[in-house]
Amino acid sequence: MFFPETSSAIWVYPSLSCTTAVQPSFLVTGSSVSSIKKVDFLYKPQDTPPAFICNTLECLEQSTLTQIHHHYQVPIFTIGPLHKTSPTPSTSFLEEDTSCIPWLDKKSPKSVICVSLGSLATIDAKIATEIAWVVRPGSIHGCDWIEFLPEDLVSEMKVRDMIVKWAPQKDVLAHSAVGGFWSHCGWNSILESVCEGVPMLCQPFSNDQMMNARYLSYVWKMGLEMVVERGEIESAIRRVLVSKEGKVIEV
């Protein structure tokens, strides 16, 4: 995304036909942070930075980086993905449940979908019941954890699925059993999935996630946009794990 300097300027999304519906929420009139006046919180027009340091890959965002460089005439350093170039101990605010790794060890290669919708998103129980995922405590409206799930579904899931409160996501995505990643499309999750060559099922919620999902699906060809309905979910999972299309969108 190319950042203009005035509130009346046109926002440019290289290689992407973008509508208001997929713009970051802080750019949409009426959003909770619209008073920030777009990206004035990043830097003032008169304060051209001496350089840009970005947690990204040049091969992934070359057109955007080129536009920024041409406009500001300053160096751009792509130092990402930071979780690979400068790994640090886990900063998760919940304790990671590593019991899912031995469980994955027993599964066939590329037979598992990892489902994790981030650390902030909340959804209603009806939608959550359609999916088996890493259920973060407090992520379901009105529920502490998985008590919203029907007992017969929980029993069935224990046979072939696994639900944990907080997973070691980088280790899970690097596991050979994982063939797809159902994600909210936060930037860290995208980089972690791209680096492991795991195709993504995109279910964005807010902020930059809408635009990220559109890039993944239509520009980078590394993901599929999701519609949370049972038939659509099944179709998307089959496209990623079983069909030839899944092979094409692998990185």
Side-chain angles (χ1 to χ4, degrees), residues 1-7 9-28 38-45 47-88 118 169-170 173-174 178 180-226 239-240 244-251:
M1 182 173 64
F2 175 54
F3 299 136
E5 293 182 341
T6 67
S7 59
I10 296 174
W11 291 75
V12 178
Y13 304 83
S15 307
L16 182 66
S17 177
C18 188
T19 65
T20 300
V22 298
Q23 289 186 20
S25 61
F26 59 79
L27 305 185
V28 179
K38 300 187 177 179
V39 294
D40 282 353
F41 67 100
L42 292 176
Y43 50 80
K44 297 294 183 181
D47 298 331
T48 300
F52 287 92
I53 300 176
C54 305
N55 180 25
T56 190
L57 299 161
E58 187 170 354
C59 61
L60 197 63
E61 298 194 276
Q62 186 174 29
S63 58
T64 300
L65 296 169
T66 298
Q67 287 203 34
I68 294 174
H69 174 69
H70 286 169
H71 184 79
Y72 290 100
Q73 295 297 305
V74 297
I76 299 177
F77 301 101
T78 54
I79 61 172
L82 284 175
H83 74 283
K84 289 289 190 180
T85 61
S86 184
T88 60
Q169 183 167 290
K170 292 187 287 290
L173 292 175
V178 174
F181 182 27
W182 185 341
S183 171
H184 64 304
C185 299
W187 189 243
N188 288 335
S189 292
I190 289 174
L191 290 180
E192 291 168 10
S193 192
V194 166
C195 286
E196 302 303 338
V198 178
M200 299 183 70
L201 299 170
C202 306
Q203 187 184 347
F205 289 89
S206 62
N207 300 322
D208 62 329
Q209 299 163 16
M210 310 293 189
M211 184 177 63
N212 292 345
R214 194 58 66 92
Y215 266 99
L216 280 163
S217 302
Y218 299 104
V219 179
W220 302 329
K221 308 295 186 181
M222 299 174 183
L224 298 173
E225 283 193 302
M226 289 285 296
R239 289 168 67 186
V240 167
K244 293 182 179 179
E245 184 177 4
K247 301 296 182 182
V248 172
I249 64 176
E250 286 183 7
V251 184

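In what follows, every heavy atom counts, from backbone to side chain, and hydrogens, waters and symmetry copies are set aside.
Side chains of E225 and S217: no donor on one and acceptor on the other come within 3.5 Å.
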Under the side chain to side chain contact (heavy atoms under 4.5 Å, CB included) criterion, do M222 and L60 qualify, and how do the steps go?
CA-CA 11 Å; M222 299 174 183; L60 197 63; 3.6 Å; yes
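Annotation: the span from E58 atom CD to T64 atom OG1 amounts to 11.5 Å, rounded to 0.5 Å. The structure places CD of Q62 at 12.0 Å from NE2 of H69, a figure rounded to the nearest 0.5 Å. We find the SG-CG distance between C195 and L173 to be 10.0 Å, quoted to the nearest 0.5 Å. In this structure, OG on S183 lies 10.0 Å from CG on N188, to the nearest 0.5 angstrom. Separating the CE atom in M200 from the CH2 atom in W182 is a distance of 12.5 Å, to the nearest 0.5 Å.
The minimum heavy-atom distance linking C54 with L65 is given by the pair SG-CD2, 4.3 Å. Nearest heavy atom pair, residue E61 against residue W220, reads CG-CZ2, 4.0 Å.
For the side chain to side chain contact (heavy atoms under 4.5 Å, CB included) with I190, the lone residue among D208, L216, T56 that qualifies is L216. For the side chain to side chain contact (heavy atoms under 4.5 Å, CB included) criterion with F181, the lone passing option out of S189, P199, C202 is S189.
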Check: residues 73-85 side-chain donor-acceptor pairs under 3.5 Å, at least two apart:
from : atom 1 : to   : atom 2 : distance (Å)
Q73  : NE2    : H70  : O      : 2.7
K84  : NZ     : E196 : OE2    : 2.9
T85  : OG1    : I79  : O      : 3.1
T85  : OG1    : P81  : O      : 3.3

